[in-house]
Amino acid sequence: MRYPVAVGVCALVVCGAFAVVADADQLSALVVVAATVLGVTGYTWFAATRSGSEPGRPATVHRVRQQYRLTSRSWIEVREESGSVWIPVFFDPALITLPTPTAATVHEAGRRSVVVWEGRRLLPPAEPVGRSRPGG
């Protein structure tokens, strides 16, 4: 959860730095950008902190990391009796210490699936959960 909030705060700091030297048109554009950043960061934080409507279900999870040049992407593979589900997640330092495989709880929170492992909540970005292995 630190990553999306840190990106939002850094974007607002940059907008504030440019607001000092901006004219009226540029200032209005910076206000629109800052409002958008606040909205997206607020929605991401709200979706990550609210609890799911269900108590959650136990599952076995694996961290899958793909890297191509300087671009890296992480998924949590949730293995259940009905098959595997791939949940894209933001980077969190907890991912580095996640043993593979491990037991976790999966909560359904609206359109998002939230994985809770040892009290740590891993936040997925606004991408659909996949039923097939991600390409790459």
Side-chain angles (χ1 to χ4, degrees):
M1 186 60 211
R2 287 184 228 145
Y3 177 75
V5 172
V7 169
V9 168
C10 289
L12 292 175
V13 167
V14 170
C15 286
F18 281 119
V20 176
V21 295
D23 62 8
D25 290 338
Q26 293 169 338
L27 186 61
S28 63
L30 287 173
V31 168
V32 169
V33 169
T36 303
V37 167
L38 278 173
V40 169
T41 304
Y43 173 76
T44 303
W45 179 79
F46 174 74
T49 57
R50 72 182 176 138
S51 60
S53 59
E54 300 175 4
R57 61 186 190 276
T60 302
V61 297
H62 298 262
R63 176 186 180 220
V64 177
R65 180 176 173 266
Q66 293 178 341
Q67 182 169 352
Y68 177 72
R69 296 186 182 175
L70 295 177
T71 304
S72 179
R73 193 72 181 103
S74 292
W75 282 272
I76 297 294
E77 179 187 10
V78 179
R79 292 187 181 170
E80 297 176 311
E81 294 175 4
S82 60
S84 294
V85 176
W86 297 79
I87 303 173
V89 293
F90 284 120
F91 175 76
D92 190 312
L95 287 174
I96 297 172
T97 61
L98 179 73
T100 298
T102 190
T105 306
V106 179
H107 297 275
E108 298 298 327
R111 296 181 338 171
R112 295 171 173 241
S113 294
V114 178
V115 177
V116 178
W117 161 68
E118 290 184 1
R120 298 177 180 159
R121 188 176 282 221
L122 301 176
L123 170 69
E127 289 185 17
V129 174
R131 289 269 175 206
S132 62
R133 184 178 178 91

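Residue numbers count from 1 along this sequence.
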Fill in the blank from the handout: Hits for side chain to side chain contact (heavy atoms under 4.5 Å, CB included) against Thr97, two or more places apart or cross-chain, chain-then-number order -> Trp117, Arg120
Practice task
For Ser74, check side chain to side chain contact (heavy atoms under 4.5 Å, CB included) against everything at least two apart and list the hits.
Solution key: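 Scan of Ser74 (side chain to side chain contact (heavy atoms under 4.5 Å, CB included), adjacent residues dropped) gives Arg63, Arg65, Val89, Leu95.
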N/O donor to acceptor pairs below 3.5 angstrom from side-chain atoms of residues 12-23, sequence neighbours left out:
| residue | atom | partner | partner atom | Å |
| --- | --- | --- | --- | --- |
| Asp23 | OD1 | Asp25 | N | 3.4 |
| Asp23 | OD1 | Gln26 | N | 3.0 |

